Protein chains: 2
Amino acid sequence: MVTMKDIAEYSKVSLATVSRVLNGSSNVSVEKRKQVMEWVHRLDYNINISASGLAGSSSSLIGVIFSDLANPFFMDILIQMEEEAYRLGYSIIISNTHGQKNKIRESINTFEARQVDGVLLCIDSDETALMQYILQKNIPAVSFTQPSELIDSVYTPMEKGGALVAQHFLDMGHEKMAYVGDKNEPKLTGFLNHLNQNGIDSENVNIIEVDKWGNLSNYEITKRIRELTSTKKDEITAVFAFNDVTAIQVMQAFQDEGIRIPEDIALAGFDNISLSRKISPPLTTVGQPTKEIGRLAVEILIKRINQENIAPPEAITLEPYLIVRKSTRQTK
Amino acid sequence: MVTMKDIAEYSKVSLATVSRVLNGSSNVSVEKRKQVMEWVHRLDYNINISASGLAGSSSSLIGVIFSDLANPFFMDILIQMEEEAYRLGYSIIISNTHGQKNKIRESINTFEARQVDGVLLCIDSDETALMQYILQKNIPAVSFTQPSELIDSVYTPMEKGGALVAQHFLDMGHEKMAYVGDKNEPKLTGFLNHLNQNGIDSENVNIIEVDKWGNLSNYEITKRIRELTSTKKDEITAVFAFNDVTAIQVMQAFQDEGIRIPEDIALAGFDNISLSRKISPPLTTVGQPTKEIGRLAVEILIKRINQENIAPPEAITLEPYLIVRKSTRQTK
DNA sequence: GTGAAAGCGCTAACAT
DNA sequence: ATGTTAGCGCTTTCAC
């Protein structure tokens with residue numbers, strides 16, 4: 001392994017000078033700088049970031065906690081984060097936790113052990129305890145799924161997304177609706193509230209519960225859709241699925257039942273995954289600015305890392321937007 | 001920050017003993033071990049992996065180079081790798097390169113600078129030079145997309161996948177076929193060769209070129225499909241798309257043209273992404289054992305890391321398998 | 001079984 | 001502008 005010491009010896013300068021050159025300090029003569037760089041290239045020197053970190057400089061490492069990378073929505077964010085981090089000279093280390101609290105904890109500890117400069121957090125439930133844990137460890141952190149009073153956050157208010165879908169359904173003249181998804185989602189709350197505020201009793205909205213981790217099999221979903229269609233056939237005219245993947249399953253289930261979308265039932269999803277516009281019919285959905293989320297999360301984290309005086313947590317809100325496609329085009 | 005030194009002082013033992021306890025050395029009295037652990041917990045000590053790495057032990061860090069994480073196939077592999085690495089006490093640091101040679105190089109250098117124990121490589125084109133570069137740097141490496149004579153590899157022979165589709169098409173009585181995808185894919189070679197070997201002149205296979213990075217817009221694909229259907233309408237009865245995402249786009253394009261699948265045209269994809277069975281009609285496709293690939297890649301890499309005597313590169317082959325679904329069910 | 005001490009590769013005062 | 005030196009937190013001989 002080639003070290004700075006080697007470079008120093010070959011270049012006939014001191015270790016400190018080599019370090020200065022490599023870190024772009026101005027106080028080095030053009031001459032010596034040239035010499036040093038010459039040997040750096042000749043010997044194909046590569047810094048040891050562990051050592052450099054140990055000695056006081058930053059690790060340029062960011063840890064990211066994901067709840068479920070199989071969700072294309074998070075995947076999009078990861079891709080964006082990696083790109084932005086790379087652009088800014090940071091590396092990304094990941095952990096996919098499936099929401100398991102112990103894995104989250106352990107990952108945070110590993111991150112700390114690796115001297116990360118900061119962490120990016122994907123949290124779905126209330127994790128005040130976790131945040132306090134991180135805060136107490138003095139690790140800069142940014143949440144990119146939930147707003148927080150404790151740490152910086154970049155997030156999209158899901159309730160608004162739910163409200164957008166509700167409004168769209170109302171605009172299209174729907175009155176009897178169903179929701180397929182997790183019961184504890186803010187988008188459901190937003191959806192129902194908006195209906196209530198517009199003269200539709202949310203009590204009448206059929207709710208088909210699907211667990212958050214998508215662990216419900218296709219078979220199971222089909223079965224429930226079948227139940228729904230056999231009993232409520234003529235009532236329901238619009239279905240809101242809590243994410244696109246589920247929406248596509250639902251679409252499949254409907255189509256297998258001979259129920260046409262959007263002619264018989266309108267269907268809307270959530271997330272705007274790339275496939276949502278490629279399927280047939282293309283899916284009406286709610287988009288979240290994933291690129292912005294990923295980019296901003298990294299940006300804010302790094303800003304936070306580089307500031308010495310502690311400013312209060314910043315909460316950036318990025319609005320969701322409705323994307324109307326064919327799956328809801330038909331008015332009843 | 002709590003360090004080993006702190007633990008040593010509180011426990012009234014030497015630094016060395018603390019290190020021994022923490023690394024599970026047997027030569028420590030039960031008594032002292034207890035004392036040390038007591039303080040480790042009391043002070044919430046966490047190791048500094050940078051320091052530990054510097055001082056001689058391993059970094060337990062694995063670098064992974066991906067060409068395109070937006071491809072669900074790679075995503076599946078990443079998820080698996082993260083899980084396996086976590087299970088074995090390793091962390092994963094990633095880079096998404098889009099095949100850009102300079103980013104690949106730079107990432108390898110960053111990995112080296114971070115003292116990774118090894119790297120996992122996703123390479124699509126010939127990268128002998130890169131591998132020699134890595135070899136010369138003495139970094140253990142495993143390729144998980146291409147076989148290699150220089151480094152260990154876990155891979156699925158794509159030609160066989162292509163051949164499986166060809167055989168399936170033949171079984172279903174098809175004779176006029178088309179391929180949508182990158183021209184340089186081994187799966188295309190396998191597809192064509194198998195046809196030739198079975199009395200179908202591969203010259204007659206229509207090839208619609210789509211670039212590897214999926215940069216072709218939906219519009220463009222639709223346009224080309226339209227060209228195909230207007231000129232060859234009555235000829236082509238089966239289409240092989242080089243990956244599921246493209247297949248779904250093609251399906252969409254066909255359906256928009258009023259062409260039914262599988263009644264008018266059979267369609268097969270490649271990769272078995274989770275959505276392929278959720279769309280309508282469910283897509284016939286070729287599966288690759290992504291779980292195995294991700295798991296084995298990590299496993300082999302770690303095996304290689306831990307062995308001192310250099311064994312020759314090992315090439316593990318995992319067979320692709322055909323998954324017949326509705327999109328090809330109809331015999332002409 | 002335990003401790004002292006050297007040193008991993010680097011940065012950052014501190015001198016000069 | 002440049003060199004010397006003292007660590008950063010840990011592992012690992014080497015003594016005892």
Side-chain angles (χ1 to χ4, degrees), chain A residues 1-37 39-40 43-61 89 109-117 137-138 308, chain B residues 1-37 39-40 43-61 109-117 137-138:
Chain A
M1 186 185 213
V2 182
T3 70
M4 275 196 178
K5 201 172 151 211
D6 299 323
I7 304 292
E9 279 163 11
Y10 278 92
S11 319
K12 300 193 200 314
V13 298
S14 74
L15 231 188
T17 299
V18 177
S19 175
R20 288 192 188 99
V21 170
L22 259 21
N23 291 300
S25 161
S26 51
N27 291 334
V28 185
S29 71
V30 195
E31 207 176 337
K32 301 221 166 195
R33 181 184 304 280
K34 243 189 65 188
Q35 271 174 57
V36 169
M37 288 313 290
W39 284 105
V40 163
L43 302 181
D44 195 22
Y45 169 79
N46 197 356
I47 195 177
N48 180 328
I49 298 183
S50 292
S52 137
L54 226 208
S57 101
S58 99
S59 67
S60 300
L61 226 204
N109 285 335
T110 305
F111 288 174
E112 186 194 21
R114 291 194 185 280
Q115 313 297 109
V116 295
D117 288 341
K137 285 188 179 290
N138 236 309
E308 47 297 321
Chain B
M1 186 185 211
V2 182
T3 69
M4 276 196 177
K5 202 172 149 208
D6 298 323
I7 304 292
E9 281 164 9
Y10 278 90
S11 319
K12 301 192 200 313
V13 298
S14 75
L15 234 186
T17 300
V18 177
S19 176
R20 287 191 189 101
V21 171
L22 260 21
N23 292 301
S25 162
S26 50
N27 292 333
V28 186
S29 69
V30 195
E31 206 176 338
K32 302 222 166 194
R33 181 185 303 280
K34 243 187 66 186
Q35 273 173 56
V36 169
M37 288 314 289
W39 285 105
V40 162
L43 303 180
D44 195 23
Y45 169 78
N46 197 355
I47 195 176
N48 180 327
I49 300 183
S50 292
S52 131
L54 226 209
S57 101
S58 101
S59 66
S60 301
L61 227 204
N109 285 336
T110 305
F111 288 174
E112 187 194 21
R114 290 193 185 280
Q115 313 297 110
V116 295
D117 286 342
K137 286 188 178 292
N138 237 308

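Keep in mind that this is a model prediction, so the values were computed, not measured. Below, chains carry the letters A, B, ... as their sequence lines are ordered, and counting in each starts from 1.
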Rounded to whole angstroms, how far apart are [atom1] on [X] and [atom2] on [N]?
{"X": "B:Leu15", "N": "D:dA15", "atom1": "CG", "atom2": "C1'", "answer": "17 Å"}
{"X": "B:Met4", "N": "D:dC8", "atom1": "CE", "atom2": "C1'", "answer": "14 Å"}
{"X": "A:Lys12", "N": "D:dT2", "atom1": "NZ", "atom2": "C1'", "answer": "17 Å"}
{"X": "A:Lys5", "N": "D:dT4", "atom1": "NZ", "atom2": "P", "answer": "13 Å"}
{"X": "B:Asn27", "N": "D:dT12", "atom1": "CG", "atom2": "P", "answer": "14 Å"}
{"X": "B:Ile7", "N": "D:dC10", "atom1": "CD1", "atom2": "C1'", "answer": "13 Å"}
{"X": "B:Asp6", "N": "D:dC8", "atom1": "CG", "atom2": "P", "answer": "11 Å"}
{"X": "B:Ile47", "N": "D:dG9", "atom1": "CD1", "atom2": "C1'", "answer": "9 Å"}

Side chains of [X] and [Y], heavy atoms from C-beta outward: is any pair under 4.5 Å?
{"X": "A:Gln115", "Y": "B:Asn48", "answer": "yes"}
{"X": "B:Val18", "Y": "B:Tyr45", "answer": "no"}
{"X": "A:Gln35", "Y": "A:Val21", "answer": "no"}

Considering only heavy side-chain atoms of A:Ser29, the closest of D:dG3, D:dC10, D:dA1 is D:dA1
Please find the pair of heavy atoms, one from [X] and one from [Y], that lie closest to each other, and give the distance.
{"X": "A:Leu43", "Y": "A:Val2", "result": "O-CG2, 3.4 Å"}
{"X": "A:Ser58", "Y": "A:Asp117", "result": "OG-OD2, 3.1 Å"}
{"X": "B:Ser11", "Y": "B:Val36", "result": "OG-CA, 3.7 Å"}

Checklist entry - Looking at residues 48-60 of chain B, who's got a heavy atom less than 4.0 Å off DNA chain D? => result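 Close to the strand are B:Asn48, B:Ala51, B:Ser52, B:Leu54, B:Ala55.
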In Å and rounded to the nearest 0.5 Å, what is the OG1 to CD distance from A:Thr3 to A:Glu9?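 Spacing of OG1 (A:Thr3) from CD (A:Glu9) equals 7.5 Å.
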To the nearest 0.5 Å, atom CG of B:Leu61 lies from atom OG of B:Ser50 at 9.0 Å
Nt span of DNA chain C in reach of chain B heavy atoms at under 4.0 Å, 5' end first, is C:dG1 to C:dG9
N/O donor-acceptor pair under 3.5 Å between B:Arg114 side chain and A:Ser59 backbone:
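At least one qualifying donor-acceptor pair exists.
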Can you tell me if the side-chain N/O atoms of B:Thr3 get under 4.0 Å from OP1 or OP2 in D:dG9?
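Looking at the OP1 and OP2 atoms of D:dG9, neither is under 4.0 Å from any side-chain N or O of B:Thr3.
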